[in-house]
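Accompanying notes for the structure given below.
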Amino acid sequence: MLGKLDGFNRTHHCGELEISDINKDVTIMGWVQKRRDHGGVIFIDVRDRSGFIQVVFNPHIEKEAFNKADQLRSEYVIAVKGSIRKRPKGNINQELATGKIEVEGKQLKILDKANTTPFLIEDDVNPGENLRLKYRYLDLRRPIMREIIKLRHRVVKITRDFMDDSGFLEIETPLLTKSTPEGARDYLVPSRINAGHFYALPQSPQLFKQLLMVSGMERYFQIAKCFRDEDLRANRQPEFTQIDIEMSFITRENIFELTENLLRDIFATKNIELPKKIPVMTYQKAIDQYGLDKPDLRFDMKLKNISDIVKDSQFKIFSNIVQNDGQVKGITVKAGAKFSRSEIDDLEKYVKLYEAKGLAWIMIKDDKIKSPIAKFFTEETINKIIERMEAKNGDLMLFVADQPDIVATSLGKLRVKLAGELDLIDKNKYEFTWIIDFPLFEYKKEEGRYVAKHHPFTAPLLDDVDELDNDLDKIKANSYDIVLNGEELGGGSIRISNKELQHKIFDVMNFTEEEIENKFGFLMDALQYGTPPHGGIALGLDRMIMILANTDSIRNVIAFPKTQKATSPLTKAPSKVDKKQLDELHIDLVDID
RNA sequence: GGAGGUGUAGCGAAGUGGUUGAACGCGCCGGCCUGUCACGCCGGAGAUCGCGGGUUCAAAUCCCGUCGCCUCCGCCA
């Protein structure tokens, strides 16, 4: 009768039983976490989604159940009838949530047997990630993974409740849609019915949510799957989830307020409090002081510009770079004078990853200057540098001289790396900030044209459209990112709600009339029929869960993630398909080795 | 496309040319055990050392190639 529940009706979940349930008759169901067989008495930890509880089988209580318990092995699925009782004195386990009580097992039913699992179903095992992904259904049995999945559910539920309370409609948008020319590489889906034509999976529901504003839906949100065919990282998967929001008749500040209130509810799940108002920082300030547009504000070590001090120095590397539109900036590592030469060499290797050509350094050790470059500077210059860098005895100053973007990125990344290694980051701190006033465009050398830094539907911050005929580098966008502890949680913008302006933006990005029509004709059409001012934001759900769950891999917060090569060890996707399928899709494969 | 790391029983992991018939821990199998909860005790099974070449009297160990996984650069409006 394997697998039949006859006579057994689950009454309680294992982890929810407590002292007040003593003397109750209960029926629990779950997996055998552990069998401890003492010959005369057998202990079974039974685990379900809620946690686990110890069941005792004693031959003097129920001989038959005891005998059956002898057959149990790890991960067998069982149903147990019994009664809750207090554990005998001296046998209380304070470590466990259910450690004061136990189930006296009276009837046992084996619902399914299990092979020995490839790894133990425990939190403190460390199987290779490939194995975990291949047997993901077992990996998810581990409490640590189960709790992340539950956390993710709670966050989504909080979001839906909050958005509903705030007057938003949850509206689904197509997954089979049109390839967009800007942005990431699209995942394409061939059309059987339309030979040679392709759908694309959405990189985001961007245009649909704007069209919904034109539709008069006023407030839209969606827990939206997004797809980007780019290389993977520890925090990047080809398919990921955004909390996607769009509102009409609002300003940037309305979106800030709404987002902050939503985040306040979400972060409360982990007892993390948001400030009354999240501070705002300009993009320029973030780059100047932190080098990155997602500054980690939990520690100081700001970037300092010494270009003016070294501009006319004898150190040609510095002075030449400054005189050729470059700059020299540095960070001061408190107590960094303990760094060895080879450790500094490693730091130099690190900044070189970001195209810096070198890492200059000045150390103040035992009140003496130690530095390979000090000989090029007068004492006065050195003192000015020390003053600017706010360095003290025992500190280490590190400098990069290069074009401003390279200086910013390399020092910005170095700052974060050093803070981590020197343990400067208070793990209990949560520093939120809005970043505003991004550039509207950035110049792409490879393409020889300007592209939108956020996306091409972002409204510029300008008084006059004619400014778009001037210096494009200077134009700011009405866009914003929300940053937490150096991670970008999300970003959005006020959108263009005017056809002429939208057209002008496409123009300056070098789109031809024909391209505009082909790629965005439907948007341009829609903008002619009465478009409300609107804007929105998208929050990265996966990254938010990573922070809340305190894990450093996005794969840990997705039930069935993919490997770095975008494959699934579980399903073996992607895979080859039959010739017949390809024929129907009008697809010929070119030779691939 | 590139750089680095890694791959040894089911899992974790030691071993960098020959006393290693490849350690150790967990798990697994058998036996004993009435209060364990990292149960304990006794016994046992289990390894193409990722794969393919090569060097050598001798390779897990050195060399070349290749594959998987991880981290990073590029890429990610």
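- Within 4.0 Å (heavy atoms only), Asn126(A) reaches sugar-phosphate atoms of the nucleic acid but no base atom.
- Taking both residues in full, the closest heavy atoms of Phe522(A) and Leu207(A) are given as CZ-CD1, 3.6 Å, listed atom of the first, atom of the second, then distance.
- In this structure, the aromatic ring of Phe119(A) is not positioned over the six-membered ring of the base of C11(B) within 5.5 Å between centres and 30° between planes.
- In this structure C49(B) sits in no base pair that meets the Watson-Crick or G-U test at under 3.5 Å.
- A donor-acceptor contact under 3.5 angstrom links the side-chain atoms of Arg87(A) to the base of U36(B).
- OP1 or OP2 of C37(B) has not a single side-chain nitrogen or oxygen of Lys100(A) nearer than 4.0 Å.
- Across the strands present, G74(B) finds no partner; the criterion is a Watson-Crick or G-U wobble pair with both atom distances under 3.5 angstrom.
- Remark: side-chain polar atoms of Lys68(A) are paired, donor with acceptor, to backbone N or O of Leu108(A) under 3.5 angstrom.
- We find that the ring of His38(A) and the base of C39(B) stack, their centres lying under 5.5 angstrom apart and their planes tilted less than 30°.
- Distance CG (Asp231(A)) to P (G74(B)): 11 Å, rounded to an integer number of Å.
- Base pairing of A59(B): no nucleotide in any strand meets the Watson-Crick or G-U wobble criterion (both distances under 3.5 Å).
- In this structure, the CG atom of Asp123(A) is 16 Å from the C1' atom of G12(B), given to the nearest Å.
- The phosphate of C73(B) has neither OP1 nor OP2 within less than 4.0 Å of any side-chain N or O from Thr409(A).
- To the nearest angstrom, C1' of G10(B) lies 9 Å from CG of Leu120(A).
- Arg85(A) comes within 4.0 angstrom of a base, heavy atoms only.
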Decide side-chain hydrogen bond (donor to acceptor under 3.5 Å, both in side chains) for Thr173(A) and Gln222(A); before the verdict, give the C-alpha distance in whole Å, the side-chain angles of both, and the deciding distance to 0.1 Å. CA-CA 8 Å; Thr173(A) 54; Gln222(A) 185 178 193; 3.0 Å; yes

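- For G40(B), the base has no donor-acceptor partner in the side chain of Arg36(A) [N/O atoms by modelled type, under 3.5 angstrom].
- The shortest distance between the side-chain N/O atoms of Lys565(A) and the OP1/OP2 oxygens of C70(B) is not below 4.0 Å.
- Residue Pro118(A) has its side chain nearest to G10(B) when only C29(B), C28(B), G10(B) are considered.
- Residue Pro88(A) is classed as a base contact, given a heavy-atom separation below 4.0 Å to a base.
- Between Arg185(A) atom CZ and C75(B) atom C1' there is a gap of 7 Å when expressed in whole angstrom units.
- If you check every strand for non-hydrogen atoms under 4.0 Å, Leu96(A) touches a base.
- We find the CZ-CG distance between Arg85(A) and Asn23(A) to be 11.0 Å, quoted to the nearest 0.5 Å.
- Residue Thr116(A) has no polar side-chain atom (N or O) positioned under 4.0 Å from OP1 or OP2 of G10(B).
- Pair check for C39(B) finds none; no Watson-Crick or G-U wobble contact set falls under 3.5 Å.
- Look at U20(B): it lacks any Watson-Crick or wobble partner with both distances under 3.5 angstrom.
- A side-chain donor-acceptor contact under 3.5 Å links Asn498(A) to the backbone of Leu501(A).
- Judged by distance alone, with hydrogens and angles left aside, the side-chain atoms of Ser50(A) form a donor-acceptor pair with the main-chain N or O of Gly15(A) at under 3.5 Å.
- Heavy atoms of Asp37(A) sit under 4.0 angstrom from at least one base atom.
- Rounded to an integer number of Å, the gap from CD of Gln564(A) to C1' of G5(B) is 11 Å.
- Residue Leu131(A) places its side chain closer to C11(B) than to any other of C29(B), C11(B), C72(B).
- With hydrogens and angles disregarded, no donor-acceptor distance shorter than 3.5 Å links the side chain of Arg495(A) to the backbone of His534(A).
- Within the 4.0 angstrom heavy-atom criterion, only backbone atoms of the sugar-phosphate kind lie near Lys444(A); the bases stay farther away.
- Looking at Arg236(A), its side chain comes within 3.5 Å of the base of C75(B) through a donor and an acceptor atom.
- Across all strands, Ser553(A) comes closer than 4.0 Å to no nucleic acid atom at all (heavy-atom distances).
- Distances shorter than 4.0 Å separate some side-chain N or O of Lys34(A) from OP1 or OP2 on G27(B).
- Judged by a 6.0 Å distance limit and a 45° cone about the ring axis, Lys519(A) is not positioned over the six-membered ring of Phe511(A).
- Within the 4.0 Å cut-off from OP1 or OP2 of U36(B), at least one side-chain nitrogen or oxygen of Asn91(A) is found.
- A donor-acceptor contact under 3.5 Å is not formed by the side chain of Arg35(A) with the base of G27(B).
- Counting non-hydrogen atoms under 4.0 angstrom, Glu102(A) reaches a base of the nucleic acid.
- Across all strands shown, G27(B) forms no Watson-Crick or G-U wobble pair with both distances under 3.5 Å.
- Using a 4.0 Å heavy-atom distance criterion, Phe457(A) is classed as making no nucleic acid contact.
- When the side-chain nitrogen and oxygen atoms of Arg233(A) are compared with OP1 and OP2 of C73(B), one or more of them lie within a distance under 4.0 Å.
- When distances run from any side-chain atom of Thr567(A) to the nucleotides C69(B), C26(B), C73(B), the shortest one goes to C69(B).
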